[in-house]
Amino acid sequence: MLLAFAALLVVLPMVRERFPRTWWYAVSFPILWGRIRFTWRRLAWECDLAVTRKRAHTMIGGILLKGKELDPVIPRLWMGWPRPFSVTARARMLPGQTPDEFVNAAKAMAHAWRVHSVRVSSPARGEVEFTISARDPLATVTTPGVLARRKHHGRPWFRVSVTTETEESPGAVAAARLLRIFVGLLEDGNPWVLDLRLLPHWLITGATQSGKSTLMNAAVVELAPRPVALVGIDLKGGMELGNYTARLSALATDRPAAVRVLGHLVDVVLERTTQCHIAGVRSMWDLPEEIRPVPIVLLVDELAELCLATDPKDKADALACSTNLVRLAQLGASLGVHLLVAGQRVGSELGPGVTMLRAQLGGRICHRVADPETAKMTLGDKFPDAVDAAQSIGPLERGVAIATTNEGGWMRARSANIGAEQAQRITTDYAHQRVWLPGLSDFYLPGGGFDLPPRGFGLPGGETS
Ligand SMILES: Nc1ncnc2c1ncn2[C@@H]1O[C@H](COP(=O)(O)OP(=O)(O)OP(=O)(O)O)[C@@H](O)[C@H]1O
Ligand SMILES: [Mg+2]
């Protein structure tokens, strides 16, 4: 008996270490299930989630007495099926209750159930859903090497069905295939998908070294094998986006070039508007496949460099840039032009157009911030409750961000750690997929309309003029 017990003591931790998933389903989840069931009544009572059958106040001898009800009704709780290291549960709210009360109790629940976190949402009227994460799923994101290797062979990273709706038009199916970008993991263990059909434009903020470019790398690596034109504006001299030159249709590395690229893209959008108008459709995706133009994803790294000009000579260019970005954001959504804009700050000090631009960038991603203002600027107007969460991201949590979810809420997420070298290698492998944009790309195609590329435009092979 003793020997068997000793063997178990040795073997069980090993099993736990080597097969964490099996351990979760076989041991941790049943224990958690029991703990939740066992503690729910007391927890609901202690956290004021119970309502009374009786009145909570009464008159005794002319004195009004208020107190905790003695006959509490506890919200009913249903447990969902377990997922890897997490489980969801739903509770039916009682009359007079709001989801906020459950949100306030989330920390107490996490402690009582000894889990990493409990997130509360309200997917249906009268119901709250708890996403219970047993461990921090963002602590270990898929190893970048595996991701890069798999990409290298053209296989998708995550197997997610393109669309579940069978009645969608061919255009909608194509849009789903091209515009859903898997960039990392969400806190609930699901893939982190930037769905450009739902949120066409994204603002990515964060202090220096917080993971903005790494997220951009993950997005570009996903887009590289697809028939999508990638255009870059990187006024840090092409230091960041220059890695993808082989796959970019155009890269502007100084402000005059950026003005030119943006002006050209606005023209492209206006042309597409006419094309849709003639065809009698309201979106580029409703055009027949033979004449449907390719979607364009514009990547901007460091918005401040683009829009902030101290020299009066540059001010007109900076204004032109922010105005054209706003126009692209306004018009581009249904015409296949999408923006991914990264920057350390997005305040009004960057110029009059930037606040307007921020309003147009519906998708928000906020990494670790250096000051509360940046978190407020990125998330405050849409998710005031996410500002605190963004501020609590620590310096060691590189790549962790608060992101808009496709359901319209927010969640913690972590990008896949795709370094510059990997991004460069993979984009070079997909150089043959580079989309030629007449009027932009021909500057540096051999035999193109110009002998020399204009200043500030990238050359194939990573050079810039
Ligand atoms: N998802 C991640 N997982 C692990 N490490 C990450 C992740 N994202 C970023 N890092 C680490 O953080 C470092 C800085 O990331 P990155 O260059 O993307 O920051 P940045 O916000 O673009 O900084 P800057 O504003 O200076 O350009 C990277 O070298 C990488 O090692
Ligand atoms: Mg960067």
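By convention here, the first residue in the shown sequence is residue 1. Order of listing sets the numbers, starting from 1, for every ligand and every atom in it.
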Might you confirm whether atom CD of Glu421 has over 12 heavy atoms from other residues, nucleotides or ligands at distances under 6.0 Å? no
Report yes or no: does a heavy atom of Met216 sit under 4.0 Å from some atom of ligand 1? no
Is the Mg ion (ligand 2) less than 2.8 Å from an N/O/S atom of Thr214, whether that atom is in the backbone or a side chain? no
For atom 15 (O) of ligand 1, which candidate among Thr208, Thr214, Thr205 holds the nearest heavy atom? Thr214
Can you check whether Leu298 reaches His338 side chain to side chain, under 4.5 Å on heavy atoms? no
With heavy-atom distances below 4.0 Å as the criterion, list the atoms of ligand 1 near Gly211. 8 (N), 9 (C), 15 (O), 16 (P), 18 (O), 19 (O), 20 (P), 21 (O)
Is there a donor-acceptor contact under 3.5 Å from the side chain of Gln344 to the main chain of Glu302? no
Where ligand 1 meets Glu240 - atom numbers and elements under 4.0 angstrom, heavy-atom basis: 27 (O)
Does at least one non-hydrogen atom of Gly206 fall below 4.0 angstrom from an atom of ligand 1? no
Step through the shown structure and confirm whether more than 12 heavy atoms of other residues, nucleotides or ligands are within 6.0 Å of CZ on Arg16. no
Quick check: are there more than 12 heavy atoms from other residues, nucleotides or ligands sitting under 6.0 Å from CH2 of Trp33? no
May I ask you to identify, for His367, whether its side chain, its backbone, both or neither come under 4.0 Å of ligand 1 on a heavy-atom basis? neither
Per-atom contacts of ligand 1 with Gly399, taking only distances under 4.0 Å to non-hydrogen atoms: 1 (N), 2 (C), 7 (C), 8 (N)
Looking at Arg327, I want to see if its CZ is surrounded by more than 12 non-hydrogen atoms of other residues, nucleotides or ligands under 6.0 Å. no
Flag Glu240 as yes if one of its N/O/S atoms falls below 2.8 Å of the Mg ion (ligand 2), otherwise no. yes
Ile233/Leu262 under side chain to side chain contact (heavy atoms under 4.5 Å, CB included): CA gap, chis, key distance, verdict: CA-CA 9 Å; Ile233 296 180; Leu262 289 169; 3.7 Å; yes
Measure from the side-chain N and O atoms of Asn417 to the backbone N and O of Thr214, and report whether any donor-acceptor pair falls under 3.5 Å. no
Determine whether any heavy atom of Glu302 lies closer than 4.0 Å to an atom of ligand 1. no
May I ask you to list the atoms of ligand 1 that are less than 4.0 angstrom from any heavy atom of Gln344? 25 (O)
Under 4.0 Å to a heavy atom of Ala207 - the qualifying atoms of ligand 1, by number: 21 (O)
